[in-house]
2 protein chains.
Amino acid sequence: MSQPAQARSRRTRNRLIAAAEDEIAAQGFEGLRVDAVVRRAGVAKGTFFAHFADKEILIEELIAARLEAELQRLEAAPPPHDLDGFIAALMPAWSLMTQERYVFDVIARHSTAMGIANLGPLAIAFQRLYDVISDWLSGAPFRTDVTRRLLAEGVQAFALQSMALEFCALHNQIGLAARLRPYLRAWLLPNHAAGTKKAPETGALSVAAEAA
Amino acid sequence: MSQPAQARSRRTRNRLIAAAEDEIAAQGFEGLRVDAVVRRAGVAKGTFFAHFADKEILIEELIAARLEAELQRLEAAPPPHDLDGFIAALMPAWSLMTQERYVFDVIARHSTAMGIANLGPLAIAFQRLYDVISDWLSGAPFRTDVTRRLLAEGVQAFALQSMALEFCALHNQIGLAARLRPYLRAWLLPNHAAGTKKAPETGALSVAAEAA
DNA sequence: GACCAGATTTGACCGTGGTCATTTAACCGC
DNA sequence: GCGGTTAAATGACCACGGTCAAATCTGGTC
């Protein structure tokens, strides 16, 4: 994977990626067309598919690259020491994932590994994210009756669900952080949760329940 | 919705649905082709799209119908009185969702409402499912420091994540129920989990931790 | 039963992702 | 440089979801 090919091939691949980035900057991920990329790169259509098994794999790579950049920041950052700090620290990564509905869908589909010995770039990035979160969660205020790993996976489960809701017109008057908070509080600080009765701790979906 | 059309139209629609069911029985959801449905129904292609905005909406309806049937059973069933009963009771609904990867993807994309005042059939079915789960969770052994609704939504978040993992070749030596259990235990019974410091009963839990 | 307005159906057509046999370029030993 | 072998690129072609102006049917009115 490191040295897959001759120089010409690498150049072509880079041209394709650059062209795709340009197109995405102009049209967004959703509006990306293989024909447009290929035209901009000055290359035949078949060439595209010689380099990327399908369109989604290219997109996955581009999203993963953005995520990796954010991960680098997260890994360097000091661990947060309370729930709100935790949420704030992860917010940039989460906003990245919710920029575009299309992007979120790709992530939802690929954030778990999809084939034996064949973790896609997004799945790999998510493993790294789990590591960061696990690490942060091992510390002081958070529950310890359960492995950090399990805790981290739970955080992702709630995050994905809240993000999905973010795209639902019925519920989007409330921000991601606000939506996510009650879940994480109940998940990460189960003993504290009983103490407060402030604010509507109803689930984010209750708005929909009303409407139904 | 009740009286959408003249009789001819309703007949055509039913023929399309029946044809689609036949095709799905033969080819699975993934293999469904609009052309095949239309041919089998003896109808022109345009007619299909006069009845269903797109292919996915038909599929959504068919999946929702199966889910509704299961919901009827769930609503009639007695509430489970412990965690394993809870999991066992919901298992049929969850297996329904994991029959086919394609089906799961559609569910993941449509289980939350997608447009104002326009809950799709799947979103509606999921509201019903939340109601059932909320109801079951209000009872005895489960935590009460948090609303039933929030608890129910959390259950779905974990269920969806575990299902996604179910399709990941790297992790599929472990069944859905076994994968899900440690999450639900930690989510629904946080105090029981906290009771034991060295966590001797977390056998299933550590399996999930290991999987990483 | 002749007529009409609106609902329904039709099928040729299009956009777009993806395939593959063929052609062209790169590398290597001589 | 010169054949020859493998890697890379090409573009005509296909599959499939979806569109739309035109044709056809239906139920109601006189």
Side-chain angles (χ1 to χ4, degrees), chain A residues 1-20 22-24 26-63 100 102-103 105-106 109-110 114 120, chain B residues 1-20 22-24 26-63 100 102-103 105-106 109-110 114 120:
Chain A
M1 209 199 236
S2 33
Q3 305 295 64
Q6 7 184 280
R8 176 174 57 143
S9 172
R10 255 171 292 140
R11 238 179 305 133
T12 304
R13 186 190 166 88
N14 290 340
R15 279 230 304 289
L16 282 168
I17 289 177
D22 288 352
E23 285 292 324
I24 287 164
Q27 323 285 336
F29 282 90
E30 172 116 49
L32 191 69
R33 294 288 168 270
V34 173
D35 280 314
V37 172
V38 147
R39 203 180 322 125
R40 193 186 277 262
V43 141
K45 196 154 177 197
T47 303
F48 181 97
F49 294 99
H51 286 271
F52 305 98
D54 56 40
K55 184 174 104 162
E56 199 150 301
I57 280 179
L58 165 63
I59 288 176
E60 207 193 325
E61 271 182 38
L62 297 182
I63 295 173
E100 243 186 89
Y102 184 86
V103 170
D105 282 342
V106 172
R109 228 161 327 117
H110 294 292
M114 300 199 60
Chain B
M1 209 195 238
S2 33
Q3 305 293 65
Q6 4 183 281
R8 176 175 55 144
S9 172
R10 254 170 292 141
R11 239 178 305 133
T12 304
R13 185 190 166 88
N14 290 340
R15 278 228 305 287
L16 281 168
I17 288 176
D22 288 352
E23 284 293 325
I24 287 164
Q27 321 286 336
F29 280 90
E30 171 115 52
L32 192 68
R33 294 288 168 270
V34 173
D35 280 314
V37 172
V38 147
R39 203 179 322 125
R40 194 186 275 263
V43 141
K45 195 152 176 199
T47 303
F48 181 97
F49 294 99
H51 286 270
F52 305 97
D54 56 38
K55 184 174 103 161
E56 199 150 301
I57 280 180
L58 165 63
I59 288 177
E60 206 193 325
E61 270 182 38
L62 298 182
I63 295 174
E100 242 185 271
Y102 184 87
V103 169
D105 282 342
V106 172
R109 230 165 321 122
H110 293 291
M114 301 200 58

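Being a predicted model, the structure only gives us computed values, none of them experimental. Sequence lines set the chain letters: A, B, ... in the order given, protein chains first and strands last, and positions in each chain run from 1. Excluded from the calculations below are hydrogen atoms, water molecules and symmetry mates; all remaining heavy atoms, backbone and side chain alike, are included.
Residue B:Val34 is the one, among B:Val34 and B:Arg11, whose nearest nucleotide of DNA chain D lies closer to the 5' end (criterion: closest heavy atom). Two residues, B:Ala7 and B:Gly46, neighbour DNA chain D, and the one matched to the more 5' nucleotide by heavy-atom proximity is B:Gly46. In terms of position along DNA chain C, the nucleotide closest to B:His51 lies nearer the 5' end than the nucleotide closest to the other residue of the pair B:His51 and A:Asp35.
Residue A:Leu32 is classed as a sugar-phosphate contact, given heavy-atom separations below 4.0 Å to backbone atoms only.
Of the inter-residue distances, the one linking A:Asp105 atom CG with A:Ile59 atom CD1 reads 11.5 Å to the nearest 0.5 angstrom. Rounding to the nearest 0.5 angstrom, the gap separating the CD atom in A:Gln6 from the CZ atom in A:Arg11 is 9.5 Å.
In this entry the distance linking CD of A:Glu23 with P of C:dG17 reads 11 Å, nearest Å. A straight line from CG of A:Leu16 to C1' of D:dT10 spans 13 Å, rounded to a whole angstrom. Remark: P of D:dA9 and CZ of A:Arg10 are 12 Å apart, rounded to the nearest angstrom. Computed from coordinates, the A:Arg13 CZ to D:dA7 C1' distance equals 16 Å when rounded to whole Å. Atoms NZ (A:Lys45) and C1' (C:dC20) sit 14 Å apart, rounded to a whole Å. One atom, CZ of B:Phe52, and another, P of C:dT8, lie 14 Å apart when rounded to the nearest Å. Counting to the nearest Å, the P atom of D:dG17 and the CD1 atom of B:Ile57 are 15 Å from each other. If you measure from atom CZ of A:Phe49 to atom C1' of D:dA12, you get 15 Å, rounded to the nearest angstrom.
In terms of phosphate contacts, A:Arg33 brings no side-chain nitrogen or oxygen within less than 4.0 Å of OP1 or OP2 of C:dG15. Between B:Ser9 and C:dA7, a side-chain N or O to OP1/OP2 separation shorter than 4.0 Å is absent. Not one side-chain nitrogen or oxygen of A:Arg8 sits closer than 4.0 Å to the OP1 or OP2 atom of C:dA25. Contact check, B:Thr12 against C:dT9: a side-chain N or O comes under 4.0 Å of OP1 or OP2.
The pair A:Arg13-A:Glu61 counts as a salt bridge, with a side-chain nitrogen and a carboxylate oxygen less than 4.0 angstrom apart.
Counting all heavy atoms, side chain and backbone alike, B:Val37 lies closest to B:Leu32 at CG2-CD1, 3.7 Å.
On a pure distance criterion of 3.5 Å, no polar donor-acceptor pair joins the side chain of B:Lys55 and the base of D:dG18.
Under the 3.5 Å distance criterion, the side-chain polar atoms of A:Glu56 are left unmatched by any main-chain donor or acceptor of A:Val106.
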